[in-house]
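So the structure is just underneath, and the comments pick up after that.
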Amino acid sequence: MHVFCYSSNDNIYMISMVQSYVVYLGGNSHTSKPSTLGNDGMTESYYDLLGSCLKSKEKAKEAIFYSYTSHINGFAATLEDDEVDQLSNRPEVVSVFPNEVNELHTTRSWEFLGLERNGQIPADSIWLKARFGEDVIIGNLDTGVWPESESFDDEGMGPIPTRWKGYCETNDGVKCNRFLLRLLSNITKNSEKCFLIQVLKKEINVITYRKLIGARYFNKGYEAALGRPLDSSNNTARDTNGHGTHTLSTAGGRFVSGANFLGSAYGTAKGGSPHARVASYKVCWPSCYDADILAAFDAAIEDGVDILSISAGRSLEIPYFRSGFAIGSFQAVMNGILVVCSAGNSGQGLGVGTASNVAPWVLTVAASTIDREFPSNVVLGNNKEFKGTSFNTNNLSARKYYPIVYSVDAKAANASAQLAQICYPESLDPTKVRGKIVYCLRGMIPDVEKSLVVAQAGGVGMILAHQSADSSSMPGGFFVPTSLVSAIDGLSVLSYIYSTKSPVAYISGSTEIGKVVAPVMASFSSTGPNEITPEILKPDITAPGVNILAAYTKAPRRLSRLIDRRPLSFNIISGTSMSCPHVSGIAGLLKTMHPDWSPAAIKSAIMTTARTGSNARQPIADASAAEATPFNYGSGHLRPNRAMDPGLVYDLTTTDYLNFLCSIGYNATQMSIFIEEPYACPPKNISLLNFNYPSISVPNLSGNVTLTRTLKNVGTPGLYTVRVKKPDGILVKVEPESLKFSKLNEEKTFKVMLKAKDNWFGRSYVFGGLTWSDGVHHVRSPIVVRKAVDPTLN
């Protein structure tokens with residue numbers, strides 16, 4: 001039995017008599033280095049450590065459900081409160097904290113990003129330059145994968161890169177190439193191998209996958225948090241949710257012609273790196289627990305991925321030394337792996353930042369629209385038309401008018417008016433609904449489920465109205481033609497129903513491409529400032545995340561009370577979960593083109609080449625049509641073809657990240673969570689303002705401040721000059737004003753001096769930017785400044 005409590009002061013969110021915890025060990029936790037102990041030796045040392053507290057090594061073996069032995073030093077176990085206290089007091093234990101939960105944060109988008117034009121790939125596309133991401137390995141931490149999807153077909157792909165160490169867990173019929181290769185590894189005669197391949201393919205339909213080269217699952221943290229054993233159906237890497245298949249195929253799916261979602265968005269689906277190898281690490285059920293996340297990070301690093309894409313995170317950020325995402329991603333970056341994460345779907349905060357995954361070593365992605373939308377309009381019998389949204393399938397034939405009824409007036413005899421109003425399961429009377437369009441209100445259950453309720457009652461369509469003026473939603477895969485209308489328009493429809501003897505209507509859907517102003521920031525996309533370290537601007541970048549078509553699971557999907565049994569090869573969904581893999585796919589292309597670039601260099605190339613304008617040559621707007629800011633989009637909107645040749649980059653090393661942790665006051669114990677060997681912080685504290693990030697954020701400007709940045713030449717020699725857009729009320733001076741680069745990898749440092757004008761009394765953030773250009777390349781950094789409320793702060 002668990003007991004829950006909340007304390008905002010000390011960041012304790014859940015305590016219990018018996019609970020699962022993650023235990024981190026420092027560099028002195030073993031008598032020998034892990035590399036000499038080996039994985040088994042490390043695991044035994046964990047048993048010994050915990051056994052000394054439990055007074056039984058056998059009990060320790062039962063309590064420990066994960067041993068992190070590759071790149072993360074520690075274990076996860078179920079412990080009682082007094083056992084936690086004992087462990088916490090041991091000198092070799094750095095930290096013990098709860099196995100906390102994280103949440104999951106969706107093909108026109110690639111053309112909108114400039115990789116293709118009118119279905120053709122132009123000669124200057126990064127796809128051609130980067131050989132479509134050939135042989136880069138993209139890992140995805142999510143809800144698993146539907147391996148049979150056409151997006152993971154491996155026809156024509158060559159042998160797997162020899163550096164790959166991963167494999168496929170074959171429970172539940174999940175197959176990938178390593179399964180067959182392992183069966184063949186002990187057979188020496190080629191004739192026997194050929195015979196076995198034919199038998200396996202014929203008898204048990206084993207396919208030699210070279211696209212999906214890894215599929216693993218991690219559920220022990222979920223099981224421990226649940227407090228009871230999981231049934232065997234959870235022991236699978238297969239995706240029954242759809243989220244993981246969608247994100248993985250967005251990052252690295254192959255070209256699939258004829259892709260569509262129930263007839264909408266018809267075309268060719270593909271991922272950002274179509275020729276990449278992909279690996280799935282199932283950690284979300286659908287909630288994602290720290291213990292499982294860390295185990296997957298440990299495995300992915302050891303397996304040999306190049307890029308990690310993670311569309312999940314916390315709704316409330318916690319210090320880096322307590323975050324499974326921050327710790328795991330640090331280890332990945334230290335091993336040369338770029339980690340791309342979603343910013344979250346919490347929308348705009350009231351005076352606070354809502355963005356998650358804000359560690360500076362992570363590339364954090366916001367979500368915005370593309371130039372495609374799906375209007376689905378309602379035309380009433382009085383010829384009044386109301387704009388709604390949905391998909392192409394939501395057309396009623398030949399513009400024929402159908403009777404329309406308010407769901408409350410069509411309620412079943414044993415249902416309440418409140419349930420009928422929202423079209424709750426079994427709340428409608430089929431004799432009153434059959435052949436009619438039903439007017440319902442949103443709320444309580446998924447919109448798609450309401451349409452299933454209407455369909456089961458014999459309705460031919462649904463008008464679904466918001467209940468408040470400021471609410472927002474996205475169209476879904478409705479079971480009947482549907483129009484999702486605003487609260488105000490919904491009241492007009494309802495007024496028509498009650499003022500007309502025989503009310504009628506029809507629903508007309510369509511797809512509009514190229515006529516829509518984009519990008520526009522999604523209303524759900526989480527925003528800055530960074531609540532952990534406001535000196536680091538987050539999010540970093542925005543990318544397409546609204547109404548994205550990609551591969552999906554064919555498993556039945558539980559809605560709330562009903563089940564959607566339609567087998568979907570593709571689905572259209574929205575979220576920063578969808579924008580994140582767009583950037584992961586582009587990162588894969590950059591890794592193919594520039595295999596020697598560090599994660600920070602790839603990140604910088606993506607950020608400094610972004611744009612802040614729309615296709616209407618206007619500044620990017622937020623969902624309310626106001627001008628968006630770097631707190632919405634970071635450096636701007638992704639531009640892949642520019643990112644492949646950025647000219648200059650802001651590079652960072654592991655030492656820089658460790659010095660960052662020193663700068664925010666981490667002690668030796670907290671530092672040892674991130675690096676095994678003791679790390680000596682610089683004798684003179686390095687200001688966070690001098691951290692070599694591609695953006696500039698000064699959250700408490702008092703008087704004036706001078707900060708430094710260093711640029712590395714990754715292009716041709718050239719002379720770069722600076723151009724500054726000053727934030728309102730701020731004086732900005734850059735020295736020197738020009739930088740000459742003579743050779744590849746040459747580095748130059750410059751200073752930026754910021755001073756608040758004497759007559760400026762603003763207390764909110766203001767925004768500007770600086771751009772270094774040689775006439776060909778434009779290396780842009782946003783500048784974000786807020787004047788200190790307390791003049792003593794800087």
Side-chain angles (χ1 to χ4, degrees), residues 317 341-344 346-349 351-360 362-369 519-543 545 576 579 583 603-614 618-639 642-643 650 688-689 691-701 707 709 723-730 732 752 754 762-772 778-787:
E317 281 296 278
C341 292
S342 53
S346 298
Q348 180 77 46
V352 297
T354 58
S356 62
N357 298 315
V358 297
V362 166
L363 179 51
T364 310
V365 188
S368 44
T369 63
V520 173
M521 297 308 302
S523 60
F524 56 77
S525 187
S526 293
T527 64
N530 182 335
E531 288 297 311
I532 304 298
T533 41
E535 295 84 359
I536 304 298
L537 176 63
K538 290 289 179 172
D540 293 308
I541 196 80
T542 189
T576 56
S579 56
V583 176
K603 179 178 177 178
S604 175
I606 289 172
M607 292 173 64
T608 60
T609 57
R611 63 185 171 105
T612 59
S614 72
Q618 296 294 320
I620 294 175
D622 66 17
S624 66
E627 183 174 338
T629 75
F631 283 155
N632 299 105
Y633 53 64
S635 293
H637 189 272
L638 177 67
R639 282 201 292 187
R642 292 288 184 91
Y650 296 91
L688 281 179
L689 300 180
F691 185 66
N692 203 41
Y693 212 64
S695 55
I696 296 172
S697 177
V698 183
N700 289 295
L701 177 62
L707 53 89
R709 289 292 187 273
R723 183 176 69 253
V724 176
K725 179 182 179 183
K726 298 176 183 179
D728 289 342
I730 304 295
V732 182
V752 181
L754 303 171
R763 288 292 183 267
S764 59
Y765 279 95
V766 289
F767 308 96
L770 65 83
T771 304
W772 290 96
H778 304 276
V779 187
R780 183 185 173 278
S781 295
I783 299 175
V784 176
V785 183
R786 182 179 63 179
K787 190 174 182 180

Does a side-chain heavy-atom distance below 4.5 Å link E531 with V358?
no
Looking only at heavy atoms, what is the nearest atom pair of [X] and [Y], with distance?
X	Y	answer
I606	I541	O-CD1, 3.6 Å
F524	G545	CZ-O, 3.7 Å
T609	R639	O-NE, 2.9 Å
N632	A366	O-CB, 3.3 Å
A543	S579	O-CB, 3.3 Å
F767	P630	CD2-CD, 3.4 Å

Please name all residues satisfying side chain to side chain contact (heavy atoms under 4.5 Å, CB included) with [X], sequence neighbours left out, ordered by chain then number.
X	answer
S695	L537, M607, Y693, P782
V752	I696, L707, V732, V734, F750, L754, L770
S614	V517, P519, A616, Q618

Just jot down the side chain to side chain donor-acceptor pair (under 3.5 Å) partners of [X], sequence neighbours excluded, or say none.
X	answer
T771	none
D622	S624
T364	K538
T369	none

[X] side-chain N/O to [Y] backbone N/O, donor-acceptor pair under 3.5 Å:
X	Y	result
R780	A610	no
T576	G344	yes
R786	P699	yes
T354	G347	yes
S526	S346	yes
K603	P694	no

Passing option when I620 is tested against E627, R611, M521 for side chain to side chain contact (heavy atoms under 4.5 Å, CB included)
M521
Heavy atoms of other groups near R709 CZ, more than 12 under 6.0 Å:
yes
Using the test ring-ring contact (aromatic ring centres under 6.0 Å, His included), find all partners of Y650 that sit at least two apart in sequence or belong to another chain.
none
As an exercise, state the distance from CZ of F631 to CG of N530, rounded to the nearest 0.5 Å.
9.5 Å
Kindly determine whether I783 and I730 satisfy side-chain contact (heavy atoms from CB on, under 4.5 Å), including the steps that lead there.
CA-CA 10 Å; I783 299 175; I730 304 295; over 6 Å; no
